[in-house]
Amino acid sequence: MPELPEVEMRRRFVETHALSLRIKRVAVPAPSLLDGVSAQTLRRALTGQVFETTHRHGKWLFVRTSAGRWLVLHFGMTGSLGCYPTRDAAPRFVRMRFDFANGLSLAFIDPRKFGKVGLTNDVQSFLQDRRWGLDPTAPGFDRAAFHQILRGRSGLLKAVLMNQRVIAGIGNLYADEMLFQAGLHPAARVEDLKPATVDRLYDAMTEAFAASLAVDTDYERLPERFLLRHRNGAGTCPKCGGTLASLANAGRTAYYCPRHQRKRS
DNA sequence: AATTCCTCCTGATAGC
DNA sequence: TGCTATCAGGAGGAAT
């Protein structure tokens with residue numbers, strides 16, 4: 001479930017619940033989530049340290065330890081965080097657990113186990129090595145940068161928006177939201193976009209992220225005009241009240257309003 | 001370079 | 001009630 005705003009919420013969660021606490025123990029009930037490190041290496045890197053600062057890039061969350069290394073978290077489809085007293089009954093699906101000396105635990109919860117947990121010495125080189133795209137909320141990502149990124153590309157617009165090596169942080173739901181607000185059909189292609197349409201997409205992106213964060217990613221509290229509020233079940237278009245349609249491409253389901261999102265626009 | 005398909009894993013829901 | 005099929009806010013890798 002987590003896209004950029006949801007991962008940002010998890011970053012804030014770490015900030016408020018897990019900083020400056022001595023790590024007493026690291027439990028790894030689901031080693032398959034480990035990405036590029038062994039459980040032993042992870043334990044040695046973290047035990048006795050404290051988490052000091054956080055950083056988010058797209059859907060990646062980094063937490064710096066007092067030893068200077070960074071814990072790397074990716075939440076996949078169903079990853080989230082929890083904080084509770086170590087001695088309490090654990091919530092379901094705890095896949096990784098950091099027990100602090102003060103009796104609290106930070107849990108990485110992930111029913112489907114698509115998440116990843118790793119370590120890196122340097123965030124910038126981690127991002128460069130994997131060639132992730134720019135984070136749209138980072139300084140420097142402005143309208144001109146958005147135009148620059150899409151220039152010269154071709155293919156399904158939605159696939160490009162969701163390609164983390166192009167832009168880091170947009171997933172299926174926010175891509176649908178952008179297309180809806182910009183009045184573009186889910187099968188729209190990048191090479192057909194006019195500059196004014198790219199402007200609309202940029203505005204839709206920044207608005208959607210800002211609005212979502214303003215309500216702590218609780219879609220129920222979003223203004224009516226956002227598709228995110230109406231995407232479930234037999235949703236209706238917030239502009240005309242008509243029934244939303246859906247369409248699958250590359251295995252992902254797009255929801256859209258056939259009246260406002262035409263092939264040609 | 002773009003596109004499709006398959007895979008990882010588990011739970012919720014819909015249909016019979 | 002029980003079974004089965006389908007779908008889910010992600011993404012890497014292979015094949016075309």
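- Protein atom CZ of A:Arg95 is 16 Å distant from nucleotide atom P of B:dC8, rounded to whole Å.
- Across the protein-nucleic acid pair, A:Asn163 atom CG and B:dT3 atom P stand 11 Å apart, rounded to whole Å.
- Among the protein residues, A:Trp60 comes within range of no part of the nucleic acid, since none of its heavy atoms lies under 4.0 Å from any strand.
- Non-hydrogen atoms lying under 4.0 Å from DNA chain C are contributed by A:Arg112, A:Phe114, all within residues 110-121 of chain A.
- Nucleotides C:dT1 and B:dT10 are separated by 26 Å at their P atoms, to the nearest Å.
- Whole-Å rounding puts the A:Leu4 CG to C:dA11 P distance at 11 Å.
- If you run side chain to side chain donor-acceptor pair (under 3.5 Å) between A:Thr54 and each of A:Glu15, A:Arg64, A:Arg12, only A:Glu15 comes through.
- Among the protein residues, A:Thr253 comes within range of the sugar-phosphate backbone only, with heavy atoms under 4.0 Å from sugar or phosphate atoms but none that close to a base.
- If you take CG of A:Asn249 and C1' of B:dT3, they are 10 Å apart, rounded to a whole angstrom.
- At a threshold of 4.0 angstrom between heavy atoms, the contacts of A:Arg130 with the nucleic acid are absent.
- The A:Gln164 side chain lies nearest to C:dA11 when the options are B:dA12, C:dA11, C:dG12.
- Residue A:Phe75 contributes atom CZ, which lies 19 Å from atom P of B:dT10 at whole-angstrom precision.
- Aromatic ring centres of A:Phe62 and A:His57: separated by at least 6.0 Å.
- With rounding to whole Å, A:Leu150 atom CG is found 12 Å from B:dA2 atom P.
- Around atom CZ of A:Arg165, more than 12 heavy atoms belonging to other residues, nucleotides or ligands sit under 6.0 Å away.
- The number of heavy atoms from other shown groups lying within 6.0 Å of CZ (A:Arg151) is above 12.
- Counting any heavy atom pair closer than 4.0 Å across all strands shown, A:Phe93 reaches sugar-phosphate atoms only and no base atom.
- Comparing C:dC7 with B:dC5, their P atoms sit 14 Å apart, to the nearest whole Å.
- The six-membered or imidazole ring of A:Phe51 lies near that of A:Phe98, with a centre-to-centre distance under 6.0 Å.
- Going from atom NZ of A:Lys158 over to atom P of C:dA11 covers 13 Å, rounded to whole Å.
- A:Leu173 and A:Leu247 fall into different hydrophobic clusters, defined by Ile, Leu, Val, Met, Phe, Trp and Tyr side-chain heavy atoms under 4.5 Å apart, directly or through other members.
- When Watson-Crick and G-U wobble pairs are counted only if both distances are under 3.5 Å, C:dA11 pairs with B:dT7.
- In this structure, A:Arg22 is not positioned above the aromatic face of A:Phe100 in the sense of NZ or CZ being under 6.0 Å from the six-membered ring centre and within 45° of the axis.
- Of the candidates C:dA8, B:dT3, C:dG12, C:dA8 carries the atom nearest the A:Tyr255 side chain, counting heavy atoms from C-beta on.
- Note: NZ (A:Lys59) to C1' (C:dG12) measures 13 Å, nearest angstrom.
- Between A:Phe141 and A:Tyr202, the ring-plane angle classifies as parallel under the 30° and 60° cut-offs.
- An OP1 or OP2 oxygen of C:dA11 is reached within less than 4.0 angstrom by no side-chain nitrogen or oxygen of A:Arg165.
- Separation of the P atoms belonging to C:dT6 and B:dC6 is 13 Å when rounded to the nearest angstrom.
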